Amino acid sequence: MTKVVAFFGASAGVGLSALKQSIAAGHECIALCRFPSKLTAIFPAETTPNLTIVQGDAKDLSTVSKCIQKRNGELVDQIISTIGAKPIISKLSIDDPEVCRKGMFTLLGALEQLRRAGATGQPYIIVFSTTGMSRFGRDVPLAMVPLYHIALKVPHQDKRIMEDSLAASGEDFTIVRGSLLTNGASTTRIRVGIEDPKTGRESNAIGYTISREDAGRWISENLVVKRDAQYLKKVATITY
């Protein structure tokens, strides 16, 4: 079954990998991008008829609203958000400390506004987050605890608010937490842990890294192409 999937943050990294896989699987994809040339250079219009690129910002309500509606006015089938900020190593911070929460507030606001206007549908929302966020015990190797809880404190605070807002929204969702991101596709087996945001850990997967390419592929294969029901309204931790 062909789905209509909206992407936010898909011009690079995990999002770009998930977008590539979803396009290849034949789904109709809508990608919001501040600089469309980043995507048109990879996906020429003449060879990628199932991709629509919309210029704009994931924090702009009207633009987001355009991206999450099908041509017939219904809401899209799925929404994948991998937005994030660039690190500022010298300050142990990021260039936009509230980008994830603001993106989620905008998305939920757009859904509410469109439904009030008569749009129907229940999009399955997938967001990419990070390990080191669990309230139910350590989910990173012991050696990496200082990095996660000191150096990454600011982005983690932002992602925490994003995760909590989505989990409390009443929408269908999966939060994907990837371990430390590297580059390059591989054939390494991906291990998966599952956590219920309310009741806690169902299975563990503690590891050091996963590549952006493999994380995006996992999202597309398990949550778009197949949509594995065991991850619905859960947190999936993915790592090597």
Side-chain angles (χ1 to χ4, degrees), residues 1-31 39 42-43 50-51 76-84 100 103-104 123-134 139-141 144 148 152 155-156 159 162-163 166-167 171-197 201-240:
M1 174 182 170
T2 301
K3 301 170 185 173
V4 180
V5 187
F7 286 81
F8 302 108
S11 61
V14 175
L16 177 58
S17 175
L19 177 60
K20 286 179 177 178
Q21 299 288 334
S22 300
I23 289 172
H27 297 294
E28 185 177 340
C29 300
I30 304 166
L39 289 179
I42 303 170
F43 305 107
N50 56 328
L51 173 64
V76 296
D77 301 305
Q78 297 190 214
I79 300 166
I80 299 177
S81 177
T82 56
I83 62 175
C100 292
M104 181 53 62
Y124 175 32
I125 304 173
I126 301 154
V127 297
F128 190 75
S129 188
T130 180
T131 50
M133 303 281 288
S134 178
D139 62 347
V140 297
M144 299 184 76
Y148 274 78
L152 300 177
H156 278 199
K159 291 182 186 297
M162 173 192 71
E163 287 191 9
L166 178 57
E171 302 289 345
D172 287 345
F173 72 89
T174 297
I175 296 165
V176 181
R177 293 178 182 157
S179 51
L180 192 66
L181 294 172
T182 60
N183 291 318
S186 77
T187 57
T188 306
R189 184 176 69 89
I190 295 174
R191 296 181 294 118
V192 185
I194 300 176
E195 180 177 298
D196 187 297
R201 203 81 54 85
E202 297 178 2
S203 60
N204 282 318
I206 296 177
Y208 286 91
T209 63
I210 189 169
S211 77
R212 293 170 175 85
E213 291 80 2
D214 288 353
R217 174 175 55 82
W218 186 92
I219 288 172
S220 181
E221 289 179 353
N222 294 277
L223 304 180
V224 180
V225 176
K226 187 167 63 173
R227 187 168 174 173
D228 196 323
Q230 68 177 319
Y231 303 120
L232 181 62
K233 298 194 175 180
K234 301 289 177 70
V235 177
T237 296
I238 56 174
T239 188
Y240 294 142

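Because the structure is predicted, anything quoted here is derived from the model rather than measured.
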Counting neighbours of NZ on K3 that are heavy atoms of other residues, nucleotides or ligands and sit closer than 6.0 Å, is the number greater than 12?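 Yes.
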
Taking all heavy atoms of [X] and all of [Y], pick out the closest pair and write down the distance.
| X | Y | value |
| --- | --- | --- |
| K234 | D196 | CE-OD2, 3.3 Å |
| T174 | A236 | CG2-CB, 4.5 Å |
| L51 | A31 | CD1-CB, 4.1 Å |
| N50 | I23 | ND2-O, 3.1 Å |
| T130 | K159 | CG2-CD, 3.6 Å |
| V225 | A25 | CG2-CB, 3.8 Å |

One pair to check against side chain to side chain contact (heavy atoms under 4.5 Å, CB included): V127 and V176. What are the steps and the verdict? CA-CA 6 Å; V127 297; V176 181; over 6 Å; no

Under 3.5 Å, is there a donor-acceptor pair between the E195 and S134 side chains?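 Side-chain D/A pair, E195 to S134: present.
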
Side chains of S220 and S22: is there a donor and an acceptor less than 3.5 Å apart? yes

Can you check side chain to side chain contact (heavy atoms under 4.5 Å, CB included) on I42 and L16, steps first, answer last? CA-CA 10 Å; I42 303 170; L16 177 58; 3.9 Å; yes

Is the side chain of [X] donor-acceptor paired with the backbone N or O of [Y] at a distance under 3.5 Å, no angle test?
| X | Y | result |
| --- | --- | --- |
| S211 | N183 | no |
| D77 | V4 | yes |
| S203 | I194 | yes |
| Q78 | L223 | yes |

From [X] atom [atom1] to [Y] atom [atom2], the distance as rounded to the nearest 0.5 Å:
| X | Y | atom1 | atom2 | value |
| --- | --- | --- | --- | --- |
| I190 | Y240 | CD1 | OH | 6.0 Å |
| L181 | E213 | CG | CD | 9.5 Å |
| Y208 | M144 | OH | CE | 7.5 Å |
| D139 | T237 | CG | OG1 | 5.5 Å |
| M104 | C100 | CE | SG | 8.5 Å |
| D214 | I238 | CG | CD1 | 8.5 Å |

For a side chain to side chain contact (heavy atoms under 4.5 Å, CB included) check, start with the C-alpha distance between S17 and R212, then their side-chain angles and the critical distance, and finish with the verdict. CA-CA 7 Å; S17 175; R212 293 170 175 85; over 6 Å; no

Answer yes or no: is there a side-chain heavy-atom contact under 4.5 Å between [X] and [Y]?
| X | Y | result |
| --- | --- | --- |
| D172 | I125 | no |
| T182 | I210 | no |
| L19 | L39 | yes |
| T131 | Y148 | yes |
| L232 | F173 | no |
| F128 | S81 | no |

Determine, stepwise, if the pair I79 / I126 fulfils side chain to side chain contact (heavy atoms under 4.5 Å, CB included). CA-CA 6 Å; I79 300 166; I126 301 154; over 6 Å; no

Which class fits the ring pair Y231 and W218: parallel under 30°, tilted 30 to 60°, perpendicular over 60°?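 Ring orientation of Y231 relative to W218: perpendicular.
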
Just checking, R227 and Y124: is the charged tip under 6.0 Å from the six-membered ring centre and within 45° of the axis?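 Verdict for Y124: a cation-pi partner in R227.
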
Electrostatic pair R217:E221 at N-O distance under 4.0 angstrom: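 Yes, R217 and E221 are salt-bridged.
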
In terms of side-chain geometry, is the basic nitrogen of R177 or E163 positioned less than 4.0 Å from the acidic oxygen of its partner?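 Here R177 pairs with E163 in a salt bridge, since their nearest N and O are under 4.0 Å apart.
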
Does N204 have any side-chain contact (heavy atoms from CB on, under 4.5 Å) partners at least two apart in sequence or in another chain, and if so, which?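 Partners of N204 under the side-chain contact (heavy atoms from CB on, under 4.5 Å) test: R201.
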
